[in-house]
Structure formats: C-alpha cells, structure tokens
Amino acid sequence: MEELDERKVKILNAVIQTYLDTGEPVGSRTISKNSDLNLSSATIRNEMSDLEELGYIIQPHTSAGRIPSDKGYRFYVDQLIEQKDAEVEEFKELMLEKTEKMEKVLRQVVKTLAVNTQYASIISAPAIRSNRVKFVQLSAVDEDHVLSVVVMDGNLVKNKMIELAEPLDNEELLKLNMLLNTNLNGLTVDDINLALITRMKGQAGEFEGIIEEVLATVADTIEQDEELKIYTSGATNIFKYPELADSRRASEFISTFEEKDALKELLSGASEDDTGTGIQVYIGDESHIQTMKDCSVVTATYELGEGVRGTIGIIGPKRMDYKNVMSNLNHLRRELDKVLRTEK
C-alpha cells in the first residue's frame with residue numbers, strides 16, 4: 001500500500017469495480033468516462049501502466065484493457081476490511097459512550113410520563129429491528145479454520161468460527177469474500193431464497209460448505225434474541241383507580257411489572273403492530289397481556305435509524321385521558337429521538 005499514491009489508489013479501485021461489474025477488461029477511456037476522477041485518458045493510461053508494472057493489474061491480451069491481479073484484489077479487499085473494521089469499532093465506542101447517558105435519559109423519560117399522566121409507564125431501550133446484510137468478511141485463522149464475521153443493519157455483528165475440510169489459500173478466500181458480498185450485501189432474509197443459495201453454492205464449488213456456514217450465521221444473526229431492557233415507573237398509580245384497585249387485579253398488575261417478561265411481550269407486540277403512525281392504542285381485550293385486559297395501553301415507537309428502535313408505553317384504566325396521554329407520548333418521543341440521535 002505504501003507504493004501507491006492517492007491517485008493510483010483511486011484508479012485501481014475504479015478498474016477493479018468496473019471489472020467486477022462487467023467482467024470485461026477495462027481500458028483507460030472507460031475509466032475516464034465512467035468515473036469522477038477528472039483525468040484525461042492519457043494520464044489514466046500512464047497510471048495504469050505503473051499499476052501494471054507494480055503488479056496490481058494485468059493485461060490479458062495485447063491491445064486489451066486491464067484486469068485486476070491477485071495482488072490488486074488483495075489490496076482492494078484489505079481496503080474494504082480496514083474501512084468496515086473502522087466502522088464497527090467506531091460504532092462500538094459510540095455505543096459504549098452512549099450507554100450510561102441513555103439509561104439515565106430513559107429512566108427520566110419513564111418517570112416523567114408517570115408523573116405527568118398519573119398512570120403506569122414503561123419504556124424499552126433501543127434494539128435492532130432490522131435484518132438486512134451490510135457485509136460479510138471471511139478471515140483466515142489457521143490452516144483448519146476461518147472466521148466468518150456477518151454485520152447487519154444497525155451494526156449488529158455475529159462471529160462464527162468455521163472448520164475447514166481442507167486448507168484455503170488466499171486467492172480462494174478472496175474469491176469467496178467477493179462471492180458472498182456481491183450476492184448478499186443489502187439483502188434481507190426474505191431475499192435469500194433457494195435459487196440464490198443454489199447459485200452461490202455452485203459458484204463456490206468445493207467450498208460450498210463454507211457458504212452454508214455463512215448463511216447459517218446470517219440466519220442466527222437475524223434471529224438473535226438480545227435481552228430487551230425495560231424501564232418502568234408509576235406502577236402504584238394504578239391504586240388511584242377503583243376499577244383496578246381490588247386486591248386481585250392490583251396484585252396481578254404489580255406482579256407483571258416486577259417480572260418484566262410480560263412487558264417485553266407487550267412492547268415487542270406493539271412494535272410489530274406499528275404501521276408507521278407511531279401511536280398504538282389497545283383497549284381491554286385488544287391488549288397482548290392477559291393481566292391488562294381491564295386496562296388501556298397506549299404505546300409509541302421512537303427510532304434511532306438503521307432499524308434501531310424502542311417503544312414507550314402508558315398503562316391505565318379504560319377511562320384514561322387519551323388526549324393527554326397521546327400528547328405526552330408524542331412530545332417525549334420527539335424529545336427522545338432528538339436526544340439519542342444527537343448524543344455523539
């Protein structure tokens with residue numbers, strides 16, 4: 001990498017990307033027309049000659065354009081890996097920095113809702129609600145193992161060690177990385193159908209087992225059930241309403257708030273029911289939770305982007321002040337979006 005200046009790197013990337021798209025040798029005129037380099041064909045041709053001399057591209061036939069060499073592919077993939085590694089590390093650091101303040105913010109939000117409405121309130125911490133593949137990376141560990149790293153929207157990362165039936169050289173590893181990312185990037189689990197899997201396994205040849213392992217990792221990542229954090233406040237407000245204050249109802253309600261599992265089910269169900277309006281209202285039997293059949297539940301979803309979202313909820317009697325509850329939820333949802341999105 002030290003051999004290449006910025007202009008050579010841009011031209012090499014343009015050659016490789018064009019060749020990946022077309023499968024045809026790439027000429028200087030094509031690069032000049034189809035890239036934003038703002039360089040003449042002659043300048044690009046001279047730079048491509050240097051890249052060929054350095055071993056990054058080759059000319060398969062006289063008078064033909066150039067194609068990437070193994071060294072060129074390696075440079076390209078190492079660049080991608082470095083960029084993606086940096087993205088993942090940046091995200092991890094950001095989330096670590098934000099976690100402490102996020103907890104404080106969520107606890108304050110749920111307390112404010114309980115005080116302002118005089119009902120019980122709940123909120124879930126933001127979690128991944130997306131299943132789109134961002135990229136896949138295979139890295140050699142030793143002769144018998146490769147490490148598969150799958151990154152989904154929201155930078156949800158899943159690692160898996162894959163045992164090899166036979167050693168995999170750098171060129172084969174490179175081709176598998178290209179195959180996986182060309183076919184999977186940007187896809188949801190629903191897009192990964194039998195035809196695509198069959199085609200990928202056919203292209204992988206003797207290494208089709210690795211493709212199966214990576215696809216299993218993608219499925220595991222999508223289905224990963226991370227612990228949903230729930231914050232609550234104002235459970236005892238329920239005693240202010242005679243229709244909910246008898247010992248049986250009150251005991252069931254408090255028990256639900258303490259165990260949290262039912263609240264997770266409630267908020268997860270509300271998030272799935274959200275059709276884009278942001279506010280969901282469940283009255284009596286419409287509730288996801290048996291112990292809340294005598295209540296009304298109003299929820300709102302807040303978003304942090306890239307499929308990262310959480311849910312706020314208010315629980316009270318069926319005769320609750322719906323206008324006041326919705327007003328409070330909308331206001332706090334907007335404030336929460338603002339705080340969490342700007343917290344860098």
Side-chain angles (χ1 to χ4, degrees), residues 1-90 132-140 146 148-151 153 168-187 191 195-196 199-207 210-211 214:
M1 294 177 69
E2 293 147 356
E3 300 171 307
L4 305 183
D5 58 29
E6 184 179 353
R7 187 159 72 180
K8 283 185 174 62
V9 169
K10 288 182 177 179
I11 291 173
L12 176 58
N13 285 337
V15 170
I16 294 174
Q17 192 58 59
T18 303
Y19 181 67
L20 290 176
D21 291 341
T22 66
E24 299 291 335
V26 182
S28 58
R29 185 174 298 177
T30 301
I31 297 297
S32 178
K33 285 195 303 182
N34 298 334
S35 71
D36 58 357
L37 294 172
N38 296 320
L39 298 172
S40 67
S41 293
T43 300
I44 293 174
R45 190 160 49 249
N46 289 335
E47 295 286 8
M48 288 174 70
S49 294
D50 291 343
L51 288 168
E52 184 177 4
E53 187 175 333
L54 291 167
Y56 289 96
I57 55 178
I58 57 177
Q59 190 172 28
H61 307 290
T62 306
S63 300
R66 270 75 165 189
I67 66 173
S69 65
D70 288 351
K71 183 179 179 180
Y73 277 131
R74 169 50 56 195
F75 178 86
Y76 180 75
V77 170
D78 285 348
Q79 267 191 312
L80 288 179
I81 291 172
E82 185 177 331
Q83 290 167 4
K84 296 302 181 183
D85 283 347
E87 287 179 13
V88 172
E89 284 306 312
E90 182 181 356
R132 196 174 297 276
V133 180
K134 286 190 73 172
F135 71 95
V136 179
Q137 177 186 324
L138 293 177
S139 302
V146 293
S148 167
V149 180
V150 175
V151 181
D153 270 355
L168 190 66
D169 64 32
N170 287 338
E171 182 179 353
E172 290 162 338
L173 188 64
L174 181 61
K175 288 177 180 177
L176 285 174
N177 270 314
M178 291 289 188
L179 173 63
L180 288 163
N181 284 289
T182 300
N183 284 280
L184 297 180
N185 283 9
L187 297 188
D191 298 325
L196 174 63
R199 185 174 73 248
M200 290 177 65
K201 288 169 69 175
Q203 291 173 336
E206 61 185 307
F207 301 110
I210 295 178
I211 300 299
V214 172

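If you read the sequence from its start, that first residue is 1, and numbering goes on from there. This one's a predicted model, so the numbers in the text were calculated from it and none came from an experiment.
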By side chain to side chain donor-acceptor pair (under 3.5 Å), Asp70 pairs with (sequence neighbours left out) none
Rounded to the nearest 0.5 Å, how far apart are OG1 of Thr43 and CG of Asn38?
-> 11.5 Å
Interatomic spacing from CG in Leu12 to CD in Gln79 - rounded to 0.5 Å | 7.5 Å
Does Leu20 have any side-chain contact (heavy atoms from CB on, under 4.5 Å) partners at least two apart in sequence or in another chain, and if so, which?
-> Ile16, Gln17, Tyr73, Tyr76, Met178
By salt bridge (charged side-chain N to carboxylate O under 4.0 Å, His left out) - contacts of Glu53 (at least two apart) | none
The single option from Val136, Val214, Leu168, Val146 passing side chain to side chain contact (heavy atoms under 4.5 Å, CB included) against Leu176 = Leu168
The side-chain contact (heavy atoms from CB on, under 4.5 Å) partners of Thr182 (sequence neighbours excluded) come to none
Does any N or O in the side chain of Ser69 come within less than 3.5 Å of the main-chain N or O of Tyr56, such that one atom is a donor and the other an acceptor?
-> yes
Residues that Lys8 engages under side-chain contact (heavy atoms from CB on, under 4.5 Å), provided they are two or more places apart = Leu4, Asp5, Glu47, Asp50, Leu51
Sorted by chain and residue number, the side chain to side chain donor-acceptor pair (under 3.5 Å) partners of Tyr19 (sequence neighbours excluded) come out as none
With Glu172 via salt bridge (charged side-chain N to carboxylate O under 4.0 Å, His left out) - residues at least two apart | none
The salt bridge (charged side-chain N to carboxylate O under 4.0 Å, His left out) partners of Arg199 (sequence neighbours excluded) come to none
Going from CD1 on Ile57 to OG on Ser49, what distance comes out if it is rounded to the nearest 0.5 angstrom?
-> 7.5 Å
Output all residues satisfying salt bridge (charged side-chain N to carboxylate O under 4.0 Å, His left out) with Glu24, sequence neighbours left out; order by chain, then residue number.
-> none
Applying side chain to side chain donor-acceptor pair (under 3.5 Å) to Gln203 and not counting sequence neighbours gives none
Residues two or more places apart in sequence or in another chain: which of them pass side chain to side chain donor-acceptor pair (under 3.5 Å) with Ser28?
-> Arg45
Who pairs with Asn185 by side-chain contact (heavy atoms from CB on, under 4.5 Å), at least two apart in sequence or on another chain?
-> Val133, Phe135, Asn181
